[in-house]
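Report on the structure given below.
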Amino acid sequence: MTALQATGLTHRHRRRGPAALDSVEFSLPQGSICALVGRNGAGKSTLLELAAGVDRPSAGSLTVLGGPVGATRSRVGYLAQDQPLDPRWRISDVLRIGAQLNPGRWDAACAAGIVEQGNLSTRTRLGALSRGQHTRVALALVLGKRPDLVLLDEPMADLDPLARHELTGTLLGHATEHGATVLLSSHHTGELADVCDHLLLLDGGRLRLSGSIDDLLEAHLNATGPGGIDELAPHTLVTHQRSGRGTAALLRPGGPLPRTWHGTAPTLDELILAYLGSPDAPALHLSPAADPGPRESQPTP
């Protein structure tokens with residue numbers, strides 16, 4: 001089963017403006033927890049808005065939970081980056097509105113439990129909450145509808161490490177218990193490897209990396225050696241720099257390394273930073289296991 005399927009997905013905020021998303025294609029398996037990463041303005045929020053049905057694509061298609069966006073909206077939970085909740089509301093108002101907006105799907109015990117885990121009184125007004133407490137209430141509203149697809153746009157950007165840890169645990173608990181798919185936009189790349197199993201990396205509206213994190217890491221290698229990059233000709237070079245009297249590079253192996261070179265596995269953080277810092281490196285899209293296999297695309301000049 002596929003939770004999200006994008007084909008030629010393109011979106012412009014203005015008819016003649018630049019493309020916020022440009023011919024994006026990927027397949028996200030159901031039940032996966034996917035990191036959506038990229039620079040500011042890369043198109044992450046646009047992709048989440050399209051998946052949530054807030055906006056429509058300019059071209060191409062996006063299938064959500066096996067159907068068109070409008071037909072599956074009740075099964076999707078979306079938390080925007082600005083978390084638009086009225087500060088005059090009490091927490092009890094948020095829970096009541098959640099029940100009214102999601103008849104037949106609302107799990108009052110689940111939503112109340114998320115609030116109670118933060119030691120919050122339902123009589124408290126949102127304007128009196130800290131950023132982390134506000135995010136907890138917003139997440140209760142999203143997860144209380146028991147969504148099959150959870151879309152989160154930088155939900156924990158302003159939280160301290162402890163608050164991020166607590167709310168990440170709440171999110172993963174929901175995904176594990178209900179088999180939900182999660183698409184999570186985040187700048188905290190160092191923490192994603194312990195949380196996510198898939199990656200979508202956007203840069204300038206184009207998809208640069210997609211696939212299982214384990215497969216993407218396995219497809220790359222950190223290489224160091226005494227020579228120059230001319231010795232790495234059989235391999236696909238992502239980025240390189242001079243290191244002392246030698247060279248350090250991140251590459252996609254095309255065979256064994258030269259005898260005088262040494263290779264180590266990259267971290268997810270190293271992989272993401274390398275592609276964001278190397279716009280000319282060819283993109284890599286690894287298909288889910290059910291599909292034929294990997295395919296590569298060259299960047300547009």
Side-chain angles (χ1 to χ4, degrees), residues 1-4 28-37 44 48 51-52 64-65 72-81 83 85 91-92 94-99 101-122 124 126 129-200 212-214 268:
M1 295 291 291
T2 300
L4 280 174
L28 183 62
Q30 189 168 328
S32 58
I33 301 177
C34 181
L36 176 61
V37 302
K44 303 187 300 296
L48 291 168
V64 180
L65 298 173
T72 56
R73 190 173 299 170
S74 65
R75 299 168 57 198
V76 176
Y78 171 53
L79 180 57
Q81 188 170 358
Q83 302 177 12
L85 297 176
I91 295 177
S92 58
V94 176
L95 301 181
R96 174 176 51 80
I97 291 170
L101 292 177
N102 301 283
R105 293 193 65 91
W106 184 252
D107 188 330
C110 170
I114 295 173
V115 170
E116 291 170 1
Q117 287 171 6
N119 297 316
L120 299 176
S121 169
T122 57
T124 306
L126 299 187
L129 300 178
S130 69
R131 178 70 177 176
Q133 291 170 330
H134 190 281
T135 298
R136 177 176 290 278
V137 174
L139 197 59
L141 181 61
V142 170
L143 299 185
K145 67 184 293 186
R146 294 295 195 196
D148 297 314
L149 173 63
V150 182
L151 306 171
L152 303 174
D153 193 356
E154 290 287 349
M156 304 169 195
D158 299 328
L159 305 186
D160 61 70
L162 178 59
R164 287 203 305 271
H165 176 76
E166 291 175 345
L167 292 180
T168 298
T170 299
L171 177 64
L172 294 182
H174 169 83
T176 301
E177 183 179 355
H178 301 285
T181 305
V182 178
L183 181 56
L184 169 68
S185 169
S186 177
H187 285 298
H188 296 286
T189 57
E191 301 175 358
L192 295 176
D194 296 329
V195 176
C196 301
D197 51 34
H198 275 68
L199 176 71
L200 296 176
S212 158
I213 289 177
D214 287 344
L268 179 60

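Numbering of residues begins at 1 and proceeds along the displayed sequence. On a predicted model such as this, the values are computed, not experimentally measured, just so you know. What's counted below: heavy atoms across the whole structure, side chains too, no hydrogens, waters or symmetry copies.
Taking the side-chain contact (heavy atoms from CB on, under 4.5 Å) definition, one finds that His187 meets it with Asn40, Lys44, Glu154, sequence neighbours left out. In this view, His174 and His178 satisfy the ring-ring contact (aromatic ring centres under 6.0 Å, His included) rule, not counting sequence neighbours. With sequence neighbours excluded, no residue forms a salt bridge (Lys or Arg N to Asp or Glu O under 4.0 Å) with Asp214. With sequence neighbours excluded, the residues that form a side-chain hydrogen bond (donor to acceptor under 3.5 Å, both in side chains) with Asp107 are Arg146. Judged as a salt bridge (Lys or Arg N to Asp or Glu O under 4.0 Å), and not counting sequence neighbours, Glu116 has no contacts. In this structure, the side-chain contact (heavy atoms from CB on, under 4.5 Å) partners of Leu172, at least two apart in sequence or on a different chain, are Ile33, Thr168, Val195. Listed by chain and number, the residues in a side-chain hydrogen bond (donor to acceptor under 3.5 Å, both in side chains) with Arg105 amount to none (sequence neighbours excluded). Here Ala193 pairs with Leu268 under the side-chain contact (heavy atoms from CB on, under 4.5 Å) rule; sequence neighbours left out. With sequence neighbours excluded, no residue forms a salt bridge (Lys or Arg N to Asp or Glu O under 4.0 Å) with Asp153. In terms of the side-chain hydrogen bond (donor to acceptor under 3.5 Å, both in side chains) criterion, residue partners of Arg75 (sequence neighbours excluded) are, by chain and number, Asp148. Applying the side-chain hydrogen bond (donor to acceptor under 3.5 Å, both in side chains) rule to Thr181 yields no partners; only residues at least two apart in sequence or on another chain are considered.
A distance of 5.0 Å separates OG1 in Thr124 from CD1 in Ile91, rounded to the nearest 0.5 Å. For the atom pair OG (Ser74) and CG (Leu101), the distance works out to 12.5 Å, reported to the nearest 0.5 Å. The CG atom of Leu199 sits 8.0 Å away from the CG atom of Leu192 when rounded to the nearest 0.5 Å. Taking CG of Leu143 as the reference point, atom SG of Cys110 lies at 6.0 Å (rounded to 0.5 Å). Here the straight-line distance linking atom CH2 of Trp106 with atom CG of Leu141 works out to 5.0 Å at 0.5 Å rounding. Leu120 contributes atom CG, which lies 8.0 Å from atom OG of Ser130 (distance to the nearest 0.5 angstrom).
Between Leu95 and Ala111, the closest heavy-atom pair is CD2-CB, 3.9 Å. Across Ala52 and Arg73, no two heavy atoms sit closer than the pair O-NE, 3.9 Å. The nearest pair of heavy atoms linking Leu28 to Thr2 is O-CG2, 3.5 Å.
Checking side-chain atoms of Arg136 against main-chain N and O of Ile114 turns up a donor-acceptor pair under 3.5 Å.
With Pro147 as the partner, the side chain to side chain contact (heavy atoms under 4.5 Å, CB included) test is satisfied by one option alone out of Val150, Leu149, Leu151: Val150.
Sorted pairs that involve residues 169-181 and meet salt bridge (charged side-chain N to carboxylate O under 4.0 Å, His left out), not counting sequence neighbours, are lacking altogether.
The closest side-chain heavy-atom distance from Leu167 to Pro155 is not below 4.5 Å.
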